Amino acid sequence: MDLNKKFTPETWPDHPEKATLEAKNKFVGFWLFLGGETILFATLFATYLALKNKGPSGFKFSTQELFELPLVFVMTLLLLTSSLTSVYAMYHLKNYNFKKMQLWLVITAFLGLGFLALEVYEFVHYIKLGFTFDNSAFSSAFYTLVGTHGFHVAIGLVWLTLLIFRNSKRGLNLYNAPKYYTFSLYWHFIDVVWVFIFTVVYLMGVIG
Amino acid sequence: MSSVAQKRGFGATLWDWLTTVDHKKIGILYLLGGGFFFIVGGIEAMIIRLQLLTPNNDLVSAGIFNQIITMHGTTMIFLAAMPILIGFMNAIMPLQIGARDVAFPFLNSLGFWMFFFGGVFLNISWFFGQVPDAGWTSYASLAMASEGHGVDFYAIGLQIAGGGTLLGGINFLVTIINMRAPGMTYMRMPLFTWTTFVASAMILFAFPPLTVGLFLLTFERMFGANFFDPTMGGNTIIWEHIFWIFGHPEVYILILPAFGIFSEIFTIFSRKRLFGYSAMVFATVLIGFLGFMVWAHHMFTVGLGPTANAIFSVATMAIAIPTGVKIFNWLLTIWGGSIKVTTPMLWALAFIPTFVMGGVTGVMLGTAPLDYQLHDTYFVVAHFHYVIVGGTVFGILAGTHLYWPKMFGTMLNETLGKVTFWFFFFGFHLTFLIQHWLGFWGMPRRVFTYMDGQGWNSANVISSVGALLMAIGITVMVYNIIVTSIKNVRVANDPWGDGRTLEWAIESPPLFYNFAQTPLVRGLDTVYIEKMEGNLSGITPAEPVQDIHMPNGSFIPFMLSLGLFIAGFGAMFRTEEPWGMAVLVIGLVWTFAAMAMRSLKDDLGYYVKKEDILKDMKRKGGQK
Ligand code: HEM
Ligand SMILES: [Cu+2]
């Protein structure tokens, strides 16, 4: 593939994420990978539900007392918005507008970073309360589920940063367009998982 | 770059193998790696049978016995059977669909090296004297009570190897979805390709639960988590569910590719097309689907209650239906064929009754009330060896003889192959048939010895003698491999003479780009169709000769896997050894550096020039 081939918005293909065989492979492969990730999170959810509120005798923590919805609500807003901004970025990718795509991706990254910072704050807060990882079955399951999601966000941020900087000088081509596109798939996936965490862990924890 | 074989130094050859992304070479690497672990696991098996030869034997201690059975099971399933099957998938499947390569050559190589380093990680535990000893199923209550780092070696080693398998699965799926030659519709794919497809899909959905389970176990043992500890609110049954949600699909991941190999063998050596092709495909998919619905038949005695037991019991028995469909189709493929009893065919013929016996005992075990009697006895040991050895291992040995000429360009000796077969076949039934009765007579599995006077003595002697016969058979095969490799008599495209699918229409071994021109597929058994119509090359090209795009080799997969390996050690010793933490950090940094290198450096591959391809074609007198 010729990296130096220059495109204009007119010659740029409608589906740059699937324009070459490599890109098609990446596209299908990544969807399959996300299928596997779905099962991974499903297993973590099942474990969490089985161990929710369970602890040693005299255990004093429960979802009702621990979780505070306003904080989680802000986190949700940040992450959902970041999904939206990544959609804008993909819109510009399809229109061959590199600058705007990068801009929206930078915004996406900052929103993701905000989410992660709040999650760290939340965890630190719980730990100060004595709700540590090794405190109970409930705490282990909680940190593992939510922490795995947070870890995915962190990986996504590193990935995005590398993408933005690596390609900042050379613009869009058919080699890196699929990379951007798979990133956006990943980011949406993380977002969907968070919606489930928000519902199952936090909402059902506080209300249920 | 030309494909003409050049004489190269040892260093260059080694470098080539360490960096290769060629699916055929990776297939050979899997075969070698898996073969090595198969020998290791076999030696462990021999020690088990030696220990159980007589009552009150003290050849090995109870503790070491637990280590040996654990490592035997883990090694055979994760490091021998599965990798060897993946080796065949790599070596053959892309040829069968007329592809020049797999979808993700880099990930393919990464998958191999992760398997390799994971396997080494597990087995290095022997040198630390801290060996996994909680069984290959590593039930949480045993795993938590296990002292030293044995179970940590299990959890981390399998984590690394399992990650590699997952990558391999995704790679095969995308290869089959996207890279089929023109005309190769799904319903024209050879059965081995189909079973590769379904087994890969099962890998994709079964391995993530294993990943989670192993992480939970690692956190529990090394980072103070409490998933399984009842005194902290945990629940030890969670592990059993997670493990078997992975574990039952896993046994079908092991058997389906073997089914595929046998299907190929039956058609080739009965010289007939497969009977009921579409029913075979349907049965394969159905087995893959049902395989996810039956995990709790391993947990009938846990106390899930009669409703759950009844549901899982019925679901379990349902699997016998598509399996039966397959058996009948194979029989009807042989029926009326002009049969050639070669070594691969011998294995295939022996497979049918053997596997049926394993299936029948499976249905017996799937009957929940009966399972209360049979669970954790030697009956279960007999059952799973009938299906895994009689199915998967027979399939592997058949495949080794069948595909050896395609992979290495020389035939294994047929006489020695038959000697191997008879020793192994008799040895196998001698070892495991009697174990059904041992189970009925109440001998529990996983005991390191038994007392005299319970009527178990002679049965155990018979069993151990059988194991010796199997070992002799395998030794003959190793001899066969060495001798024929030294003689190295080269063979033509289709050494069996009756190949029906694309892999038999190209050189043995194929050139690194497989097909000079992508073939046009005109039906099921396309090569057979072409030959019947007088096209002796077996292939109608779908394109003119033109430049071919190929991927670059890479050393990163090796380095990345090595990084994970190092990090695993650091994680294990991070608190008790002064160097632990440093090694963990080095390993992680190493891994991430390798990943970053991969993502920062563009890898665009290269082109094989048209002139070179024409030269190859002339020299080989190959397809026109
Ligand atoms: C008709 C098909 C089959 C049925 C109905 C069946 C049923 C069962 C049942 C109910 C058990 C649990 C026994 C117990 O622990 O009490 C079992 C164990 C086992 N089966 Fe099968 N099975 C079938 C085919 C297979 C195949 C094809 C394989 C592998 C290739 C396999 C491998 C195993 C293994 C490894 C175990 C023992 C696991 C352990 O506890 O270590 N089975 N089977
Ligand atoms: Cu099972």
Side-chain angles (χ1 to χ4, degrees), chain A residues 1-3 18 20-48 50-57 59 61 132-141 143-145 147-148 155 158-159 162-163 165-166 170 173 175-176 179, chain B residues 101-105 107 166-167 169-179 200-201 203-213 215-216 219-220 223-235 237-239 241-242 245-246 292 549 551 592 595-596 598-605:
Chain A
M1 190 188 323
D2 184 7
L3 280 190
K18 287 187 281 191
T20 63
L21 178 63
E22 285 81 4
K24 275 187 209 126
N25 288 345
K26 189 169 262 174
F27 182 79
V28 175
F30 205 78
W31 268 107
L32 292 172
F33 170 74
L34 291 182
E37 287 263 88
T38 307
I39 307 292
L40 184 132
F41 275 104
T43 315
L44 289 173
F45 272 107
T47 309
Y48 173 80
L51 298 177
K52 181 177 162 185
N53 289 337
K54 300 259 165 61
S57 56
F59 184 58
F61 292 102
T132 53
F133 184 62
D134 54 6
N135 160 278
S136 61
F138 171 38
S139 67
S140 302
Y143 286 116
T144 306
L145 170 60
T148 305
I155 294 282
V158 174
W159 182 5
L162 284 177
L163 268 183
F165 281 104
R166 173 68 182 92
R170 63 177 177 180
N173 55 38
Y175 180 71
N176 59 22
K179 295 188 178 217
Chain B
D101 210 324
V102 291
F104 303 112
L107 290 187
L166 191 58
L167 293 178
I170 293 180
N171 176 37
F172 291 138
L173 283 172
V174 181
T175 304
I176 295 174
I177 293 172
N178 274 356
M179 316 242 319
S200 301
I203 288 176
L204 176 62
F205 294 118
F207 270 68
L210 177 71
T211 306
V212 170
F215 268 127
L216 300 189
F219 291 166
E220 180 100 11
F223 300 92
N226 301 299
F227 304 103
F228 308 126
D229 182 355
T231 62
M232 298 298 283
N235 182 343
I237 304 302
I238 289 177
W239 166 269
H241 278 295
I242 294 179
I245 286 172
F246 149 76
F292 282 94
H549 182 248
F592 281 111
M595 286 181 185
R598 169 68 183 166
S599 81
L600 293 181
K601 206 172 144 293
D602 293 337
D603 182 7
L604 300 172

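The structure presented is a predicted model; accordingly, all values stated were derived computationally and were not measured. Chain A is the first sequence line, chain B the second, and so forth, proteins listed ahead of strands; every chain is numbered from 1. We use all heavy atoms of the structure for the numbers below, so side chains are in, but hydrogens, waters and symmetry mates are not.
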Chemist: Measuring only between side-chain heavy atoms, which start at C-beta, is B/F227 closer than 4.5 Å to A/T144?
Modeler: yes

Chemist: Are more than 12 heavy atoms, taken from residues, nucleotides or ligands other than A/F165, located less than 6.0 Å from that residue's CZ atom?
Modeler: no

Chemist: With rounding to the nearest 0.5 Å, note down the distance linking CG in B/L173 to CZ in A/F33.
Modeler: 14.0 Å

Chemist: Rounded to the nearest 0.5 Å, what separation is found between the CG atom of A/N176 and the CG atom of B/D602?
Modeler: 8.0 Å

Chemist: Just verifying a value: how many Å separate B/F228 CZ and A/T47 OG1, rounded to the nearest 0.5 Å?
Modeler: 7.5 Å

Chemist: Calculate, to the nearest 0.5 Å, the distance between atoms CG and CD1 belonging to A/N25 and B/I177 respectively.
Modeler: 9.5 Å

Chemist: What is the minimum heavy-atom distance between B/V174 and A/L32, and which atoms define it?
Modeler: CG2-CD1, 3.7 Å

Chemist: Do you know which two heavy atoms are closest between A/S140 and B/A225, and how far apart they sit?
Modeler: OG-CA, 3.4 Å

Chemist: Using non-hydrogen atoms only, which part of B/L216 is less than 4.5 Å away from chain A: side chain, backbone, both, or neither?
Modeler: side chain

Chemist: Relative to chain B, which segment of A/N135 carries a heavy atom at a distance below 4.5 Å: side chain, backbone, both, or neither?
Modeler: backbone

Chemist: Between A/A50 and chain B, which part of the residue has a heavy atom less than 4.5 Å away: side chain, backbone, both or neither?
Modeler: side chain

Chemist: Identify the two heavy atoms, one from A/A137 and one from B/G234, that lie closest to each other, and give their separation to 0.1 Å.
Modeler: CB-N, 3.4 Å

Chemist: Could you give the distance from OG1 (B/T211) to CD1 (A/I39), rounded to the nearest 0.5 Å?
Modeler: 11.5 Å

Chemist: Quick check on B/M179 against chain A: is it the side chain, the backbone, both or neither that has a heavy atom closer than 4.5 Å?
Modeler: side chain

Chemist: From B/H549 NE2 over to A/L21 CG, what is the distance, rounded to the nearest 0.5 angstrom?
Modeler: 9.5 Å

Chemist: Assess whether atom CZ of A/F133 is packed by more than 12 heavy atoms of other residues, nucleotides or ligands within 6.0 Å.
Modeler: yes

Chemist: Is the backbone of A/K24 close enough, under 3.5 Å, to the side chain of B/N178 for a donor and an acceptor to pair up by distance?
Modeler: yes

Chemist: Could you look at B/I242 and say if it's the side chain, the backbone, both or neither that has a heavy atom under 4.5 Å from chain A?
Modeler: side chain

Chemist: So which part of A/S136 gets closer than 4.5 Å to some heavy atom of chain B, the side chain, the backbone, both or neither?
Modeler: both

